[in-house]
Amino acid sequence: IYFIELNVQNKFRHTCDIVENFYNKNITVTVFVSDNKNATNLDRQLWTWKQESFIPHIIINDYINQPDEPIIITSNESFPVVSDALIFFDPIQSAPLDQYKYVIDFAEIYHPEKLRLSRDRYKKLKNLNNFNLEFYKLGAFLNSFTA
């Protein structure tokens with residue numbers, strides 16, 4: 001599980017950076033968002049954040065069969081595991097983390113309450129002793145991550 005430090009409030013952009021990093025390594029991704037507004041905003045960002053890149057993705061909340069797109073955006077907390085990586089744009093309490101090869105969470109240090117909540121999530125996961133937890137600044141993660 002990778003905790004990525006965000007020191008400025010630009011989570012949509014940073015999520016796109018991470019999604020692109022995974023996509024370029026042929027790693028499928030599910031991005032969890034808390035609501036349709038965040039899903040729509042992330043969808044829009046993935047279409048417009050870089051003119052030279054295209055990242056195929058889909059917003060889907062009801063699982064019918066294996067989606068064709070390598071990137072899934074969902075607000076369904078019980079969405080089945082169909083990808084290699086899970087990114088918590090918005091954190092959820094229960095997810096089958098051990099079924100993903102990569103899990104990304106954010107430490108939003110620019111906001112005191114969000115920072116406190118991310119520290120609580122980190123402590124909870126650390127106390128489980130089931131996961132290897134790593135903490136990165138965004139640039140260091142993007143530069144050093146190898147699949």
Side-chain angles (χ1 to χ4, degrees), residues 1-35 37-50 53-61 63 66-67 69-147:
I1 299 177
Y2 300 95
F3 274 81
I4 309 297
E5 178 185 284
L6 299 182
N7 57 8
V8 294
Q9 186 176 355
N10 198 350
K11 198 173 188 180
F12 286 105
R13 170 62 192 238
H14 300 315
T15 300
C16 290
D17 288 332
I18 294 168
V19 167
E20 180 184 48
N21 189 294
F22 281 134
Y23 175 72
N24 288 338
K25 292 176 174 57
N26 295 314
I27 297 171
T28 57
V29 178
T30 297
V31 182
F32 176 79
V33 294
S34 61
D35 54 40
K37 180 181 175 185
N38 282 343
T40 301
N41 286 338
L42 184 58
D43 173 59
R44 188 174 303 121
Q45 285 285 322
L46 285 169
W47 281 106
T48 62
W49 72 290
K50 279 188 180 177
S53 69
F54 171 71
I55 301 173
H57 63 280
I58 187 170
I59 298 173
I60 187 168
N61 286 314
Y63 181 76
Q66 181 71 29
E69 304 297 346
I71 311 301
I72 298 167
I73 302 168
T74 187
S75 60
N76 181 348
E77 288 192 30
S78 59
F79 196 81
V81 176
V82 295
S83 58
D84 302 316
L86 175 64
I87 298 175
F88 288 123
F89 183 87
D90 296 306
I92 57 176
Q93 295 301 313
S94 60
L97 302 181
D98 57 339
Q99 294 180 31
Y100 291 94
K101 189 171 182 180
Y102 309 100
V103 176
I104 303 294
D105 198 344
F106 295 101
E108 297 172 79
I109 67 171
Y110 61 86
H111 188 281
E113 180 62 14
K114 290 182 179 188
L115 176 60
R116 184 189 66 76
L117 292 171
S118 67
R119 285 179 173 161
D120 290 347
R121 289 191 308 275
Y122 185 91
K123 287 178 192 174
K124 180 181 174 186
L125 290 168
K126 187 174 182 170
N127 288 338
L128 291 176
N129 284 328
N130 292 343
F131 304 103
N132 181 25
L133 303 175
E134 297 184 37
F135 189 84
Y136 282 90
K137 292 185 182 285
L138 179 64
F141 175 78
L142 293 174
N143 288 329
S144 68
F145 179 77
T146 55

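Quantities reported herein were computed from a predicted structural model and do not represent experimental measurements.
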We want to know whether Ser75 and Asp35 form a side-chain donor-acceptor pair, criterion being a heavy-atom distance below 3.5 angstrom. no

Mind checking what makes salt bridge (charged side-chain N to carboxylate O under 4.0 Å, His left out) contact with Asp90, not counting sequence neighbours? none

Please name the residue in the list Tyr102, Phe106, Tyr2 that meets the side chain to side chain contact (heavy atoms under 4.5 Å, CB included) test with Ile87. Phe106

Do Leu86 and Val29 touch side chain to side chain, with heavy atoms closer than 4.5 Å? no

Kindly compute the distance separating CD (Glu69) from CD1 (Ile60), expressed to the nearest 0.5 Å. 10.0 Å

For a quick check under 3.5 Å, do Lys25 and Asn21 share a side-chain donor-acceptor pair by atom type? yes

Holding to salt bridge (charged side-chain N to carboxylate O under 4.0 Å, His left out), I want the full list of residues that pass it with Lys137, two or more places apart in sequence or in another chain. Glu5

Considering all heavy atoms, the nearest Pro80-Tyr100 contact: O-OH, 4.4 Å

Angle class for the Phe12/Phe89 ring planes (parallel below 30°, perpendicular above 60°, tilted otherwise)? tilted

Approximate separation, where rounding is to 0.5 Å, of Asn41 CG and Thr15 OG1: 11.5 Å

In Å and rounded to the nearest 0.5 Å, what is the CD1 to OG1 distance from Ile71 to Thr30? 8.5 Å

Taking the side chain as C-beta and beyond, is there a heavy-atom pair between Trp47 and His57 under 4.5 Å? yes

Using 4.0 Å as the upper bound for N to carboxylate O, is an ion pair formed by Arg116 and Asp120? yes

How about Leu125 and Ile1: do any of their side-chain heavy atoms sit closer than 4.5 Å? yes

Report the distance from atom CD1 of Ile109 to atom CZ of Arg119, rounding to the nearest 0.5 Å. 9.0 Å

Within the distance-only criterion (no hydrogens, no angle test), does the side chain of Asp84 pair as donor or acceptor with the backbone N or O of Ile27 below 3.5 angstrom? no

Exercise: identify the closest heavy-atom pair between Tyr110 and Pro112: O-CD, 4.1 Å

Using the ring centroid of each side chain, check whether Phe135 and Tyr122 are separated by less than 6.0 Å. no

Please tell me if the side chains of Asp105 and Arg121 come closer than 4.5 Å, counting only heavy atoms from C-beta onward. yes

Ala39 backbone acceptor or donor facing Asp43 side chain under 3.5 Å: no

Taking side chain as C-beta onward, heavy atoms only, is Ile72 less than 4.5 Å from Val82? yes

Does Gln9, at its CD atom, have more than 12 non-hydrogen atoms belonging to other residues, nucleotides or ligands within less than 6.0 Å? no

Using atom types as modelled and distance alone, determine if a side-chain donor or acceptor of Asn38 lies under 3.5 Å from a backbone N or O of Val33. no

Side chain to side chain, Glu77 and Phe32, heavy atoms closer than 4.5 Å: yes

Is there side-chain contact between Pro70 and Ile55, with at least one heavy-atom pair below 4.5 Å? no

Residue from Ile73, Leu46, Ile104 passing side chain to side chain contact (heavy atoms under 4.5 Å, CB included) with Val19: Leu46

Locate the shortest heavy-atom distance separating Ser118 from Leu115; write the atom from each residue and the value. OG-O, 2.8 Å

Please report the closest heavy-atom contact between Val81 and Pro96, naming both atoms and the distance. CG2-CG, 3.5 Å

